[in-house]
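Data first, discussion second: the structure below is written as C-alpha cells.
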Amino acid sequence: MKDITRDIETAAAEAVKEIYQVDLSPGDFLVTSTKKEHKGDYTLVTFAVSKTLRQAPNLIAAAIGEHMQRTKPWVSSTEVLQGFLNISLSTDYWTSVMDEFKANPDFWKPVQPQEKVLVEFASPNTNKPLHLGHIRNILLGWSTYKILSACGHDVHRVQIVNDRGIAICKSMLAWQQFGEGVTPESVGMKSDHFVGDWYVKFEKKFVEEYKTWQSSEEAKELFDNRKDKELAEADFFKAYKNNYFNTTSKLGKDARDLLLKWEAHDQDTLDLWRKMNGWVYNGFNETYKNLGVEFDKLYFESDTYLLGKDLIEDGIKREVFYKKDDGSVWVDLTEYGLDHKLLLRSDGTSVYMTQDLGTAQKRYEEFDAQRMVYVVADEQNYHFQALFAIMAKLGAPYAKGLYHLSYGMVDLPEGKMKSREGTVIDADDLMADVIEEARIAAADREMKDPEVIRRIGMAALKFFIIKVDPRKRMTFDPKASVDLQGQTGPYIQNAYVRIQSILRRAGEDRKSYEGYVLNEDEKLLLNLLSQCRHTIENAAKDYNPALVANYAFALAKEYHRYYHDIKVLQAESEVAKEFRLVLINTIASILVNTMDLLGIEMPDRM
RNA sequence: GGCUCCAUAGCUCAAUAGGAUAGAGCAACGGUUUUCUAAACCGUAGGUUCCAGGUUCGAGCCCUGGUGGAGUCACCA
C-alpha cells in the first residue's frame, strides 16, 4: 500500500544514513503538506534532527534534498527554506498513487491488529424521552463504533438502561393516581413522551403539595428555627425540597413506597413497571431507528443493580478495600490522586459504583473484550477515574482497556438546558424540525423525494453536532443547525451528488489515462485522499469522530473548487477525462465512506 | 475552598507530535451561471489566540502565576 508520507520519511532516513552515517528511523522525521504559498507537495521539517546530526537545519535540508533528487526518481525537485525541505513529486509518482487507489478500494481503511471492543452509549433513564444531550451521546457512540470497525476491530454496541429507581416510580404513581387508565394509544401519543408527561405531572403535583405545606405551622416553625438566619424564605424552601420529599411529603412517601414494593417484587407493582417501561422502549426504539442506530445488547439496571457485591467481598478479603465500624465498605484511592470512595452502604446495599464494577466484570466475562469504551458526559469524569482506579487496584485484567469517552454538555444560545424551565430540546421534535426545514428549503428545487429530504435534514443535524471536538462543551444554535450551506452535512452531500451527476453521464466504459500530466488541484486532491487513512487512525486513537467530520468537509471543499475550475466530461484530452473520472469516483467513495463513519447517509441527487 | 477541564475573528468551530504569514463557515459587503446540480465558486473586511512571565531555532499548543467560565467534591444516579 502506497503511503506518501512514509515514502518520504524512509528516503530521508536513507539519505541521513549515507551522508551522516547516523541511523534514524523514518518516524524521527516530520513530514507535512507544503503550505499553499510555497512550491512543493510535501515538506520535510529538519529542525528536530538538527541536534542529533550536529548541523544547521538548512544545511541538513539541502543535503537530504540533493540526495533524494539524485537517488529517488519520484522526487522531481526540491527547495530549501530555512529548515524546511519542500519536495515536489514526479507526475509518474502521482499517477501511480491514483493507480493504487483505483486497484485497492479499501486503501482508506487503517489496518490494525484486531481487538474486541465494547462501546457503551445512549444509556437513558426510562422516565423521560430522549433529548439533545442524548443525541450528542448517541452520535459519538455510533461513530466511535463505526470508526473502530473500519480499523478492523470487532466492535459491540451496548447500553445500560436505567429502568429502575425513584424516577420511574414517580411516573408510575402519577399515572396510577391521576391517569384513569389512559394509554398512549388512547390519547394518540408517542409512548415515551406519554410516560414522560406523567413524570412531569408528578413533579407538578408535588410542587403544589409543597407550596401548600409551606404555609403550615410545621413549615413556619422549621423556617424560624433555621440555622442560617440570613437565609431568605424562598431560598430556604428551595434547599429543603429534597428533605421534604423524603420526610414529610405524602406523594414522596407514596413514590418511595412504590419503590419498596418494587424491590420486594410486588406483583402489581412489577406489572405496572413493565407496562410503563414497555411504552418507553417502544418510543425509544422509534427514536433510535430515526437516528439510524442500533445496539447489540442492552443491559438493564434492574438486572445489574445488585451486581458487584462479590467483587467487593473479594476486595475486602484481599485487603484492597476496608470496612468501617458502621459496616460500610470503602476504598482508598489517594495513591491515584483521588479520595476515599464508598462501595457499600452501612446497611449493606449497593451504590452506583458497586453496580458499575459488577457490570464491567460481567461484560468482560460475556464478551471477553480487550477494550471497553464508555460514552458518558463529562459531569461523570470523577466517577470514571475512580471506577478505573478501583479496577486497576483490584488487578482486573481488562483495567488497562477501559476508556471514558467524555464529552461536554450541549448548551443553547440562551444558556444551559433546564428541564425545570422547559428549555430541553426533545430528540424527536428536533429531528422533525430539521427535516421540515430541509423540505422548506427544497421548495424551489426540483427534488421532492421525501427520503432525500430526510437524509439532507438529518445530515445537517448530525454534522452540526459531530464536527465539534467531543471534549468541548458546545453551543447548539437551532437556527444554525438547519443550515444547508457552508460547513454543513448537506454541503458534503452536494459534493457527492455533483460527482454522481457526472458519473451518470460518463457511461461505464473506462479507458487508460496513461501519460496524463496532473494539474496542481489534482495533486492536492490525491494528497487529501492519501490522508484519509491517517485521519481515521487518529480518530480511532483519540476516540474523536470530529476529526473525520472535518476531514470530510475539507475534501468536499477542495472538490467543490475543483468542480468549478476543471471540466471532466469536456476535458481537454481523452486521458484527462479518463483520469478525472477515476479521481472523482474515488473522491465520491471516500466521501460516502467517511460520512458513513459519522452515521450520515448520502443522496444520489438533491 | 480542594481537584479537573475550558478560554482562538462579531457568532459557531478548526489548527497532525511544538513548525513557515493562526484557518474555515455563518453574519456583512462586492462579484461569478447560454457550461458536468449556484445547497456551489471567487474576492473584500474581520485576530494582542484571556492577561503576565518562562522554556527554545520556533509556542494557540509545554511550564509557573493570575483572570473569567464550567464540572465535581452524597451512605444520589
For [N], take OP1 and OP2 only and decide whether either is under 4.0 Å from a side-chain N or O of [X].
| X | N | answer |
| --- | --- | --- |
| A:Arg345 | B:C76 | yes |
| A:Lys472 | B:U12 | no |
| A:Arg445 | B:A39 | yes |
| A:Tyr559 | B:C41 | no |
| A:Lys35 | B:A20 | yes |
| A:Lys479 | B:C26 | no |

From [options], pick the nucleotide closest to the side chain of [X]?
| X | options | answer |
| --- | --- | --- |
| A:Arg498 | B:C13, B:G71, B:A40 | B:A40 |
| A:Asp483 | B:C26, B:A14, B:G19 | B:C26 |
| A:Asn538 | B:A20, B:A14, B:U16 | B:U16 |
| A:Tyr563 | B:C41, B:C36, B:A17 | B:C36 |
| A:His560 | B:C36, B:C41, B:A77 | B:C41 |
| A:Gln485 | B:A24, B:A39, B:G71 | B:A39 |
| A:Lys567 | B:U16, B:A17, B:U35 | B:U35 |
| A:Leu342 | B:C36, B:C75, B:A24 | B:C75 |
| A:Glu379 | B:A77, B:G71, B:C41 | B:G71 |
| A:Asp339 | B:C73, B:C75, B:A39 | B:C73 |

Practice prompt. Select from A:Arg471 and A:Val568 the residue whose nearest nucleotide in RNA chain B is closer to the 5' end of that strand.
Written response: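 Whichever sits nearer the 5' end wins; that is A:Arg471.
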Worksheet item: Toward the 5' end of RNA chain B, which comes first, A:Asn494 or A:Lys324, by nearest nucleotide?
Response: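 Result of the comparison: A:Asn494.
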Item to complete: Using the P atom on both, measure B:U16 against B:G60 and round to a whole Å.
Response: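 Rounded to whole Å, the distance is 12 Å.
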Worksheet entry | B:C42 versus B:U49 - spacing of their C1' atoms, nearest Å |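 My reading of the C1' atoms in B:C42 and B:U49 gives 28 Å.
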I'd like to know if [X] reaches the base of [N] with its side chain, counting only an N/O donor and acceptor under 3.5 Å.
| X | N | result |
| --- | --- | --- |
| A:Asn86 | B:A20 | yes |
| A:Arg561 | B:A40 | no |
| A:Thr488 | B:A39 | no |

[N] pyrimidine/purine six-ring stacking with [X], under 5.5 Å and 30°:
| X | N | value |
| --- | --- | --- |
| A:Phe84 | B:G19 | no |
| A:His38 | B:A20 | yes |
| A:Tyr382 | B:G71 | no |

Quick one: label [X] by what it contacts on the DNA or RNA (base, sugar-phosphate, nothing), any heavy atom closer than 4.0 Å.
| X | result |
| --- | --- |
| A:Gln500 | nothing |
| A:Ile566 | base |
| A:Met474 | sugar-phosphate |
| A:Thr43 | base |
| A:Ala377 | nothing |
| A:Asn125 | nothing |
| A:Leu30 | base |

Should [N] form a Watson-Crick or G-U wobble pair with both distances under 3.5 Å, which nucleotide is its partner?
| N | result |
| --- | --- |
| B:C5 | B:G69 |
| B:C41 | B:G31 |
| B:C75 | none |

Worksheet entry | Flag, side chain of A:Thr304 to backbone of A:Leu307, donor-acceptor distance under 3.5 Å |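 Not a single qualifying donor-acceptor pair exists.
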Worksheet item: Looking only at heavy atoms, which two atoms of A:Ala389 and A:Leu338 are closest? And how far apart?
Response: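 What the structure gives for the nearest pair is CB-CD1, 4.1 Å.
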Discussion item. Can you confirm if the NZ or CZ of A:Arg136 lies within 45° of the ring axis of A:Tyr407 and under 6.0 Å from the centre of its six-membered ring?
Written reply: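 Geometry flag: not set, cation outside 6.0 Å or 45°.
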Worksheet item: Think A:Lys341 forms a cation-pi with A:Tyr336, using NZ or CZ under 6.0 Å from the six-ring centre and within 45 degrees of its axis?
Response: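 Ring-cation test returns no.
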Discussion item. Without decimals, in angstroms, what is the distance between A:Asn246 CG and B:A74 C1'?
Written reply: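 Taking atom C1' of B:A74 as the reference, CG of A:Asn246 is at 12 Å.
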Practice prompt. Find the distance A:Arg54:CZ to B:C57:P and express it as a whole number of Å.
Written response: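 Distance check: A:Arg54 CZ to B:C57 P gives 16 Å.
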Worksheet entry | Beyond-backbone contact of A:His340 with A:Lys324, side-chain heavy atoms, under 4.5 angstrom |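 When only atoms from C-beta onward are counted, A:Lys324 and A:His340 do not touch, as no gap falls below 4.5 Å.
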Item to complete: Would you please classify the geometry between the A:Phe388 ring and the A:Tyr374 ring as parallel, tilted or perpendicular, with 30° and 60° separating the classes?
Response: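 It falls in the tilted class, 30° to 60°.
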Worksheet item: Is the number of heavy atoms from other residues, nucleotides or ligands under 6.0 Å of A:Asn242 CG greater than 12?
Response: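 At most 12 heavy atoms, drawn from other residues, nucleotides or ligands, come within 6.0 Å of this atom.
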Worksheet entry | Check: A:Tyr496 ring centroid to A:Tyr559 ring centroid under 6.0 Å |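 A:Tyr496 vs A:Tyr559: aromatic centres not under 6.0 Å.
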